[in-house]
Amino acid sequence: MDGNEKPLHEREAFQLERVILFTDAVFAIAITLLAIELKVPELHHATEHAALSGLLQLTGQFIGFLISFFIIAVYWVAHHRIFRFVVRTSPRMLWLNIVFLLSIVLMPFTTAYQSEYPMLRTPWVLYSLNIIFSGLMQARMQAYLRSPAAGVVAPAEQQHPDLDPLRPLLSPLVFLLSIGLAFLPFWHPSLLRPVPMLTVVCMVLYGRRYRRLEREYQQQELQAQAA
């Protein structure tokens, strides 16, 4: 056994831990910035009616906040899910992760933009493009992690269903649909906000593919153990 193996393993673990800690910090900051955008309404008259009216005026902002909060949370969970397979870093993986995080830190701005102008098409299109960018980068990163040439995931786990690059494409497809609806003359921009709920339907339908991939993966594991 080479005396340098343990220090090398420790260095790889340390580098991977730095990536995860940095990523978690970016996600935490992005979610915090979402909340900061929720401004307390200014009351010209301190009455219950004025307080309620001011709160109701923030309805659009609260809806935008909740949508983006759960989208960021879903991407954080996905990042946590796929990075548990990573055993070493690489320059390409680091840059893919950084570009992915770029899409996350943009989300507070695009969320505030579309929340402030819910009756306009352009803010929603920009917001949707942001989500599409996030999903495409997530899919690209998962495709890289499962690549045998990359060597950042153990060969036995490269085909794990959690690394399926199709899964992160579901959300971009839904938001791409919302962009198409935004340009229809009879579809008012204010009606676009319920469209992301279709992602839940897509995930339920995707569950059948995931269970099939999981069965195939388990069968491969059993065959490898029997060999």
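Residues: numbered from 1 along the sequence shown. Note: hydrogens, waters and symmetry copies are ignored here, and every other heavy atom, side chains too, is used.
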Show every donor-acceptor pair shorter than 3.5 Å between a side-chain atom in residues 73-83 and any protein atom, with sequence neighbours excluded, or say none if there are none.
residue	atom	partner	partner atom	Å
Tyr75	OH	Gly135	N	3.1
Trp76	NE1	Asp24	OD1	2.8
His79	NE2	Asn97	OD1	2.7

Can [Y] be reached from [X] by stepping across I, L, V, M, F, W or Y side chains whose heavy atoms are under 4.5 Å apart?
| X | Y | value |
| --- | --- | --- |
| Leu16 | Val87 | no |
| Leu34 | Leu102 | yes |
| Leu166 | Leu96 | yes |
| Leu136 | Leu145 | yes |
| Val86 | Leu94 | yes |

Exercise for the section: Quick one: list whatever passes ring pair (Phe, Tyr, Trp, His ring centres under 6.0 Å) with Tyr127, sequence neighbours left out. Expected result: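 For Tyr127 the ring pair (Phe, Tyr, Trp, His ring centres under 6.0 Å) partners, ignoring immediate neighbours, are Trp124.
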
Practice task
Report, as yes or no, whether the 6.0 Å neighbourhood of atom CZ on Arg209 holds more than 12 heavy atoms from other residues, nucleotides or ligands.
Solution key: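 More than 12 within 6.0 Å, yes.
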
Within a strict 4.5 Å, meaning less than it, do heavy atoms of the [X] and [Y] side chains meet?
| X | Y | value |
| --- | --- | --- |
| Leu126 | Phe109 | yes |
| Ser190 | Met119 | yes |
| Val125 | Phe183 | yes |
| Thr23 | Val19 | yes |
| Ile179 | Leu129 | yes |

Practice task
State whether the side chain of Ser115 and the backbone N or O of Ala112 hold a donor-acceptor pair below 3.5 Å, judged by distance alone.
Solution key: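 A pair under 3.5 Å: no.
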
Handout entry: Gln219 and Gln223 side chains, donor-acceptor separation under 3.5 Å
Key =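 Note: Gln223 and Gln219 side chains miss the donor-acceptor criterion.
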
Could you tabulate the donor-acceptor pairs under 3.5 Å formed by side-chain atoms of residues 194-208, not counting sequence neighbours?
residue	atom	partner	partner atom	Å
Thr199	OG1	Pro196	O	2.9
Tyr206	OH	Asp164	OD2	2.7

Problem - Approximate separation, where rounding is to 0.5 Å, of Leu176 CG and Ser178 OG - result: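 Going from the CG atom of Leu176 to the OG atom of Ser178 covers 7.5 Å.
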
Practice task
Measure the spacing between CD of Glu157 and CZ of Arg146 and express it to the nearest 0.5 Å.
Solution key: 12.5 Å

Exercise for the section: Carefully, step by step, assess Ile131 and Met107 under the rule side-chain contact (heavy atoms from CB on, under 4.5 Å). Expected result: CA-CA 8 Å; Ile131 306 300; Met107 213 168 292; 3.7 Å; yes

Exercise for the section: Just do the side-chain contact (heavy atoms from CB on, under 4.5 Å) check on Ser103 and Asn130 with the steps written out, would you? Expected result: CA-CA 6 Å; Ser103 71; Asn130 189 174; 4.0 Å; yes

Exercise for the section: Tell me, please, which residues at least two apart from Thr89 pass side-chain hydrogen bond (donor to acceptor under 3.5 Å, both in side chains). Expected result: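 side-chain hydrogen bond (donor to acceptor under 3.5 Å, both in side chains) list for Thr89, sorted by chain: empty.
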
Handout entry: Test side-chain hydrogen bond (donor to acceptor under 3.5 Å, both in side chains) applied to Ser90 - qualifying residues, sequence neighbours left out
Key =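 Counting only residues at least two positions away or on another chain, Ser90 forms a side-chain hydrogen bond (donor to acceptor under 3.5 Å, both in side chains) with Tyr144.
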
Which atom pairs, one a donor and one an acceptor, fall under 3.5 Å between side chains of residues 147-156 and the rest of the protein, sequence neighbours left out?
residue	atom	partner	partner atom	Å
Ser147	OG	Ala149	N	3.3

Practice task
Let me see the working for Gln114 and Arg193 under side-chain contact (heavy atoms from CB on, under 4.5 Å), right down to the final yes or no.
Solution key: CA-CA 10 Å; Gln114 63 92 5; Arg193 293 186 175 188; 3.4 Å; yes

